[in-house]
*Asks:* 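One structure follows; several queries about it will come next.
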Protein chains: 2
Amino acid sequence: MSRSSEAINQLIHILDERGWSATTVDDLAKEAGISRATFFRVYGSKEDLVFADHEEMIERLEAFLERTDHDIASAMREGLALVFRYHLEDEGRTLARHRLLKQSTQLRNRELLTSHTYERIFRHWLRRRLGPGLAAEPVAVSLSGAAVALHNAFLRKWLAEPSPGVLSEFTAEAKKLIHVVLSGYELEGKLRSSAGVKGPHAVVALVGESADTEEICEAVRSALNHSRGE
Amino acid sequence: MSRSSEAINQLIHILDERGWSATTVDDLAKEAGISRATFFRVYGSKEDLVFADHEEMIERLEAFLERTDHDIASAMREGLALVFRYHLEDEGRTLARHRLLKQSTQLRNRELLTSHTYERIFRHWLRRRLGPGLAAEPVAVSLSGAAVALHNAFLRKWLAEPSPGVLSEFTAEAKKLIHVVLSGYELEGKLRSSAGVKGPHAVVALVGESADTEEICEAVRSALNHSRGE
DNA sequence: TCATGTCAAGAGACTGAGTGCCAAGTGGCG
DNA sequence: CGCCACTTGGCACTCAGTCTCTTGACATGA
């Protein structure tokens, strides 16, 4: 898994350097040390290669939404943050892909398609979580559409001018949007957590007064790893 | 214009009957009484042929938004209705295309792309109409995303079960959505100025017993965002 | 040790989309 | 009529993606 994803990153880099249309599948296969036929078996297509890692992200998001105990608004916001953080995670890969996308409308279009996958995931999850009710369907549809659009707008902003503050700006805007839509449709009642009777852990992390969210999370992570013996 | 659009309808019909992948460009060119080369010159590609009429719709929408005297909410609603009505207008063509789309994921993906074009048009128009202001950008992004998602949902519903009442149902829902978003952000904008100076705060994260490290971090992040953002 | 089944990979032919080039029409227009 | 710009057809070419057949590595089992 990790080896193949490195191979993918390398191939994307090659496509970025030599140009999307100037690089043939033969070139890529030769570069990867496999035959042309094997290339198609492994990666599906030249296009799929560039977005192979999105599959993983989609699984992560679905797993998160499936298992979360958060209330609807928090889970939605955190799901969106999860996706956003994924793009910031490997800046080299994301920027290389972005340069690549500028070369070909075909690739840009493919990129846009991934939005619909995220939108669909949120929509279906919202439908389930909102349950039956008059406003559930339009809220599921509109909120997922709006939230993914917001995500894309902030991602575009970050691609144009990478800065670490974008994530928290995005999270704040997403929070506002979710609140506006849910309360506007009078679904505040659904905002409560659906968490069951599971007993809570107590976790104490000590951090400096000026710590930001990520620093605190890091402290929590290390405290957990310590106490759990990982 | 009208002659060529009839030719397009006929070719779409042929694609629908014989199958998308079973019909080659040679077949289509022969059917249209032109050479293969001319086919590509005129229609661009096999895929473009299926969505050629969308170009016209996009121009209609842009012209309407550019010239309308309506207030923002009414113009938005009427613009959406304009697009929706266009699909209902020629039921034969829309249903034939829909049958065609079921045959090929490639075509379905292409269809999804047109959403982004509409979304972009509404977004740019909303930016211009909302003018400068703190909430203008997120509203332009979110509302266009949500509105187009709503449009697509109602269109899917109509395609599954055509009924004339869908248009008015859609218009009503769109009106509600636009009102919720616009009024929701106006309210937020007024409340923001009264936000006080941040003091120290306590953070409590409650997670399920089976939560792993990452889930706990998500919960901490969520709790922080909750307490800091208010 | 050898026979057998399985599976991943390679080799190569084949289809079909899309591009580029050139030659042959097909009108206007002086 | 002859010149010109523009359109169309014919044709070769590249390359993505599919399909089939073969080969070799590996495991299992008598």
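These numbers come from a predicted model, not from an experiment. Naming: A, B, ... by sequence-line order, numbering from 1 per chain.
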*Asks:* For the pair made of CG in B/L49 and C1' in C/dA17, what is the distance, rounded to whole Å?
*Replies:*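 Rounded to the whole Å, the gap is 14 Å.
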*Asks:* In whole angstroms, how far is the P atom of C/dA17 from the CG atom of B/L28?
*Replies:*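 Rounded to whole Å, this separation is 8 Å.
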*Asks:* Take the angle between the ring planes of A/H151 and A/Y118 and call it parallel below 30°, perpendicular above 60°, tilted in between.
*Replies:*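 The rings of A/H151 and A/Y118 sit tilted, inter-plane angle from 30° to 60°.
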*Asks:* Output the rounded distance in Å from CG (B/D27) to C1' (C/dG16).
*Replies:*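 So the CG-C1' distance, B/D27 to C/dG16, works out to 11 Å.
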*Asks:* Within the side chain of B/S168, is there an N or O that forms a donor-acceptor pair under 3.5 Å with the backbone of B/G165?
*Replies:*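 Yes, the answer is positive, given that a donor and an acceptor are paired below the 3.5 Å cut-off.
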*Asks:* Can you find a heavy atom in the side chain of B/L177 that is under 4.5 Å from one in the side chain of B/L143?
*Replies:*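 Of all side-chain heavy-atom pairs linking B/L143 with B/L177, at least one is under 4.5 Å.
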*Asks:* Could you state the CD-P distance from A/E47 to C/dA17, rounded to the nearest angstrom?
*Replies:*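 Between P of C/dA17 and CD of A/E47: 17 Å.
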*Asks:* Check whether B/R36 reaches the backbone of B/D26 with its side chain - one donor and one acceptor, N or O, closer than 3.5 Å.
*Replies:*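 Looks like no, no N/O pair under 3.5 Å.
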*Asks:* Would you mind reading off the distance between B/F40 atom CZ and C/dG18 atom C1', rounded to a whole angstrom?
*Replies:*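 Checked: the CZ to C1' distance equals 5 Å.
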*Asks:* For B/E161 and B/R156, what are the C-alpha separation, side-chain angles and deciding distance, and is it a salt bridge (charged side-chain N to carboxylate O under 4.0 Å, His left out)?
*Replies:* CA-CA 9 Å; B/E161 189 184 352; B/R156 273 195 296 272; over 6 Å; no
*Asks:* Tell me, for nucleotides 4-13 of chain D in 5' to 3' order, what letter each nucleotide earns: B for a base near a protein heavy atom under 4.0 Å, S for only sugar-phosphate near one, - for neither?
*Replies:* ----BBB---
*Asks:* Could you tell me which non-hydrogen atom of B/G79 sits nearest to which non-hydrogen atom of B/L61, and how far apart they are?
*Replies:*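 Closest pair (atom of B/G79, atom of B/L61, distance): O-CD1, 3.7 Å.
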*Asks:* Could you state the atom-to-atom distance from NZ of A/K30 to P of C/dG10 in whole Å?
*Replies:*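 Spelled out: NZ on A/K30 to P on C/dG10 is 13 Å.
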*Asks:* What's the CG-C1' distance between A/D26 and C/dG12, to the nearest Å?
*Replies:*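 Whole-Å distance recorded here is 12 Å.
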*Asks:* Starting at atom CD of B/Q106, determine the distance to atom C1' of C/dG16, rounded to an integer number of angstrom.
*Replies:*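 From B/Q106 CD to C/dG16 C1': 12 Å.
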*Asks:* Toward the 5' end of DNA chain D, which comes first, A/A22 or A/G44, by nearest nucleotide?
*Replies:*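 Nearer the 5' end of the strand: A/A22.
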